[in-house]
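Side-chain atoms are counted along with the backbone in the values below, which use heavy atoms only and exclude waters and symmetry mates. In what follows, chains carry the letters A, B, and so on, assigned in the order in which the sequence lines appear, proteins first and then strands, with residues in each chain numbered from 1.
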Amino acid sequence: MAAKTTWFQTTAIDYPNSRPHIGTAFEKLGADVQARYRRMEIGEENVFFLMGNDENTVKVSKRAAELGLDTQAYCDDMARQFQEVWKALDISYDTFVQTSSERHKQCCRKFIQKVYDNGYIYKGEYGGWYCDGCEEFKSDKQHAENAGNCPTHRTPLVRRSEPCYFFKLSAFSERLLKHYEENPDFIQPEIRKNEIVSLIKTEGLRDINISRKGEDWGIQIPFDPEFTIYVWFDALLTYITGIGYGDDEATFRKYWPCDTHFIGKDITRFHTALWPAMLWAAGEEAPTKVFAHGFVYLKLPEKVGDKGAGELVKIGKTTLKELGLEYLAEPMEIIKKFSAEAFRYFFLRECPYPGDGDFSPERFVEVYNSELANNLGNLFSREMTITWKNFEGVFAGTAGKVPEAVVPGLDLKAFVETVRGHVEGCRYNQALQAIVQDFLTPTNQYLEANAPWKLVKTDKDAAKRVLFNAVQSLRVASILLKPFIPKSAEAIYTSFNFPKPWAEVKYADAAELLAQPDDLRVTAELFDGKPKPLFPRIG
RNA sequence: CGCGGCGUGGAGCAGUCCGGUUAGCUCGCCAGGCUCAUAACCUGGAGGUCGUAGGUUCAAAUCCUACCGCCGCAACCA
C-alpha cells in the first residue's frame, strides 16, 4: 500500500455565538501537539492543519441581530476574536475557514450538486414540533419535557410539516459497519467506536433532512434556491473546501483523505457516520481517522462543586462571575494571568485527551509548580549556573566526546519510542508523565548523586563530565517537549550550541547521545551568572 | 430495562483488557540530607482490608454476579 507522505488534520469548527472557552481550547491544543509533532517528523511543507468557524446557522444570525449587527460583520469579528485566542495559545493552524466565505459556499454547492446527481438526495416532507417565536423545530424530547410548550417562549408548539430534502444516510449502514470493522482505528478511542457500532446496529440510520426553508442566512441549495443547506451538511464540508475541493484539485488530492479529524465526543456520530456517507455519496474516500476527545469540566472548590458542562460560564445555578472566577472560562485571561506555555502544559498533562478531565485553579498551580518550575525549570537553572560559575559556560575538551547516559537502566531508544507512541496515540498526559518521571526526575537524582558542585573542588574534570552528561537530558527533553511547549523547549535547546538547528530536530535525535564537533558551551544570555527562570513559581 | 464513565492511603490519579514479586505515581504531611538551583533538589517515614456483598481460583484491585454511590451524554454545547 502506498504510504501517504503528507499529514492532514482538522479540528471541529466552532459556532461563533460565544467566545471560545477552555473546552474548545482543549481540543485545539491536543490537535496542535499532533500537528507540531508531525511537522517535526515529516517536514513543515507536508503537514496541513485546518481550523475554522461554523457560521451558517440560524443561531448566529439571531445572535448578530440581538447585538444589532450585520450577520457577516458579526461573523468576521468573531472569527478575528477566535483566531486571536488561538494565536495567543500558539495553535499552529495553517488555515482558518469561515463557512460564510464565498469559496466555501461555492465548493459546498458543487459537492451537494454531485451528491444530488448521484441520486442520494430526494425531496420529501419533514414534520415536527414548531415554535413560531423561535422560528425553528423542537425535538420530541423538548416537546415532551415542556408539556408541549416552547422552553423559551412558553407558548404551545405546533405540529408542522414542510417540504425538504433528505440525504439517503440509511443507504450506508452496511458499508459503514464494514468500514469500522476493516479499519479498526477509524474511530478513536475505542469506546467511541463501540458506541457508534451499537447505535447503528440497534437503531439503524435514518435519512436526514439536510435543508431548511425560507432562511436568508446560509448556503442556498443549487438545485432549489428556496432552500438553504442544513448546517451539518455544510459544516463538515469545511474539511475539504479548506484544502481546495472544487477549486484546487492538486492540493485537495495531496492531502485527502484526512489523517485525523479531532472532534469532541459529543459529535462523534456526525463525523463517523454522516460524514463518511456524504463523502461516499460524492465519490470520495472516507477520512482515515476520527479522534473524539473528552471534555474538560471546571471543578471549583467547596459548595459550588457542581460540575458544569458545555456552557462553562454557568456552574450549576451559580455563574462564574458571581464567584469572581469568570476568567477561568476565558482562555485569554488564563494566558494573561499565567502564560500560554503553562496553559498548554496543564491541560496536556492533566487531562487525558481521550477522556474527560478537570480544571481547578489549585490543581493548575500544583502541576505548574511541581513539574514545570521545580522539576524542568529548576533543573535547567542549576545546570546553567554551575556550569557558568565553574567553567564560564564552556565544556572545554568535549568536542568529539560521546556523552554518557545519566539515567540508570534507561534504554533511551526504547524510551523515545514509548513517548512517540503516546504522542501518536494522543495520550499526551502519559507522554508528559513519562518525560518528567522517567527522565527529568532521574536526571535531578543523577546530579544529586554525583554532586558536581562538590566534585569540582577535588576533580574538576570529573565534575565537568557529570555536567556535560546532564546537559544531554535537557537536549533530549527539549526535543521531546517541542510539540507541547514549543517556546520553552526552544529556549532550553538554544541555550547551548547543539549542532543541529532547532528547526530541524526530530524525535529520533532524542534517542541518541552523540558527540558534537565543537566543545559544548552555554550560549544563553545570563544575568549575573544565572539564566532567567523559565517557569517562575506561582505563589 | 436509552447509552456510557467512575468509585484505589488526606487530595488527584496509574494499575484492571492478558489474575500471581513487598498495590505504583504526583501533591500534601513528618523526619533527615544537601546547599549548584526558581525556599528549589535528594533520602527516609507515617498513612490504603483497592465502593459493598457474594462467587470462581492454589492465588483477585485485576475474572463473574448482584447491589450502593457519584457523574457525563442522549442527532446542531468541544
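- Of the options A:F347, A:Y368, A:F535, A:F364, a ring-ring contact (aromatic ring centres under 6.0 Å, His included) to A:F338 is made by A:F364 and by none of the others.
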(message) Return a single string for nucleotides 29-34 of chain B, one symbol per nucleotide in 5' to 3' order, where B is base contact, S is sugar-phosphate-only contact and - is none, cutoff 4.0 angstrom on heavy atoms.
(response) ----BS
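- Looking at residues two or more places apart in sequence or on another chain, you find a side-chain contact (heavy atoms from CB on, under 4.5 Å) between A:T57 and A:Y15, A:K59, A:V60, A:V231.
- For the side-chain contact (heavy atoms from CB on, under 4.5 Å) test, residues two or more places apart in sequence or in another chain that qualify with A:A431 are A:V419, A:H422, A:V423, A:F484.
- Rounded to whole Å, the C1' atom of B:rG32 lies 49 Å from the corresponding atom of B:rA78.
- The salt bridge (Lys or Arg N to Asp or Glu O under 4.0 Å) pairs that include a residue from residues 521-539 of chain A number zero, where partners must be two or more places apart or lie in different chains.
- Salt bridge annotation for A:E215-A:R212: absent, with no cationic side-chain nitrogen under 4.0 angstrom from a carboxylate oxygen.
- Among the nucleotides B:rA78, B:rU38, B:rC41, the one closest to any side-chain atom of A:N444 is B:rC41.
- Counting any heavy atom pair closer than 4.0 Å across all strands shown, A:N369 reaches no nucleic acid atom.
- Residue A:E383 contributes atom CD, which lies 15 Å from atom P of B:rC41 at whole-angstrom precision.
- The distance between atom CG of A:L348 and atom P of B:rA78, rounded to the nearest whole Å, is 19 Å.
- Per the geometry, CG belonging to A:L467 stands 9 Å off C1' belonging to B:rC36, to the nearest Å.
- Within residues 260-276 of chain A, the residues that place at least one heavy atom under 4.0 Å from RNA chain B are, in residue-number order, A:I263, A:G264, A:K265, A:D266, A:I267, A:R269, A:F270.
- As judged by a 4.0 angstrom heavy-atom cut-off over every strand, A:K28 is placed among residues making no nucleic acid contact.
- Taking the six-membered ring for Trp and the full ring otherwise, A:F227 and A:Y165 have centroids separated by under 6.0 Å.
- Side-chain proximity of A:R206 to the nucleotides B:rC76, B:rU38, B:rA75 is greatest for B:rA75.
- For A:H293 and A:F26, the ring centers sit closer than 6.0 Å to each other.
- No side-chain donor-acceptor contact under 3.5 Å links A:T24 and A:D14.
- Here B:rG5 presents its C1' atom at 13 Å from CZ of A:F295, a figure rounded to the nearest Å.
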Distances under 3.5 Å only, N/O to N/O: pair up the protein atoms with those of nucleotides 15-17 of chain B.
none

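- On the P atoms, B:rC25 is 24 Å away from B:rG33, given to the nearest whole Å.
- Here A:N375 does not reach the OP1 or OP2 of B:rC41: none of its side-chain N or O atoms lies under 4.0 Å away.
- Going from the P atom of B:rU56 to that of B:rU65 covers 15 Å, rounded to whole Å.
- A:N53 places no side-chain N or O within 3.5 Å of a backbone atom of A:Q98 that could act as its donor or acceptor partner.
- B:rA78 atom P lies 22 Å from atom CD of A:Q188, rounded to whole Å.
- Within 6.0 Å of atom CD in A:E125, more than 12 heavy atoms from other residues, nucleotides or ligands are found, so the atom counts as buried in its surroundings.
- Both key distances under 3.5 Å define a Watson-Crick or G-U pair, and stretches of 3 or more such consecutive pairs in RNA chain B run B:2-7 with B:68-73, B:10-13 with B:24-27, B:29-33 with B:41-45, B:51-55 with B:63-67.
- Rounded to a whole Å, the CD1 atom of A:I200 is 21 Å from the P atom of B:rG2.
- Ranked by how close their nearest RNA chain B nucleotide is to the 5' end, A:S381 and A:Q433 are led by A:Q433.
- Nearer to the 5' terminus of RNA chain B, by closest-nucleotide assignment, is the contact made by A:P452 (compared with the other of A:L199 and A:P452).
- The separation of B:rA39 from B:rG28, taken at their P atoms, amounts to 15 Å, rounded to a whole angstrom.
- In this structure, the CZ atom of A:R19 is 17 Å from the C1' atom of B:rA78, given to the nearest Å.
- In this structure, a donor-acceptor pair under 3.5 Å is absent between the side chains of A:Q220 and A:T228.
- A sub-4.0 Å separation between OP1 or OP2 of B:rU38 and a side-chain N or O of A:K532 is absent.
- Among pairs with a residue in residues 445-474 of chain A, none fulfils ring-ring contact (aromatic ring centres under 6.0 Å, His included), at least two apart in sequence or across chains.
- Exactly one residue among A:L176, A:T268, A:L177 makes a side chain to side chain contact (heavy atoms under 4.5 Å, CB included) with A:I196. That residue is A:T268.
- Using C1' as the reference atom, B:rC63 and B:rG24 are 22 Å apart when rounded to the nearest Å.
- For A:L534, the listed nucleotide lying nearest its side chain is B:rU38; candidates were B:rC36, B:rU38, B:rC76.
- For B:rC76, its base sits under 3.5 Å from the side chain of A:Y15 at one donor and acceptor pair at least.
- Ranking B:rU38, B:rA78, B:rC36 by closeness to the A:A373 side chain, first place goes to B:rU38.
- Taking the six-membered ring where the residue is Trp, the centroids of A:H271 and A:Y239 are separated by under 6.0 Å.
- Remark: A:A281 pairs with A:V115, A:Y120, A:F167, A:F172 by the side-chain contact (heavy atoms from CB on, under 4.5 Å) rule, at least two apart or across chains.
- Screening residues 376-394 of chain A for side chain to side chain donor-acceptor pair (under 3.5 Å), with sequence neighbours left out, gives A:R382-A:N444, A:R382-A:E448.
- Regarding contacts with the backbone of B:rU43, a side-chain N or O of A:Q445 is found under 4.0 angstrom from either OP1 or OP2.
- The CD1 atom of A:I208 sits 11 Å away from the P atom of B:rC76 (whole-angstrom rounding).
- Looking only at atom types and distance, the side chain of A:S211 has a donor-acceptor partner in the side chain of A:N209 under 3.5 Å away.
- The aromatic ring centroids of A:F415 and A:F439 lie less than 6.0 Å from each other.
- The side-chain contact (heavy atoms from CB on, under 4.5 Å) search around A:R63 returns A:N17, A:E66, A:L67, A:Y74, not counting sequence neighbours.
- Look at the C1' atom in both B:rG19 and B:rU38: the space between them is 46 Å, to the nearest Å.
- One C1' atom belongs to B:rG10, the other to B:rC73, and the distance between them is 32 Å to the nearest Å.
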What's touching nucleotides 26-28 of chain B from the protein side, N or O pairs under 3.5 Å?
from: B:rC27; atom 1: O4'; to: A:E366; atom 2: OE2; distance (Å): 3.3
from: B:rC27; atom 1: O2'; to: A:E366; atom 2: OE1; distance (Å): 3.2

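- Nucleotides B:rC71 and B:rA31 place their P atoms 39 Å apart, quoted to the nearest Å.
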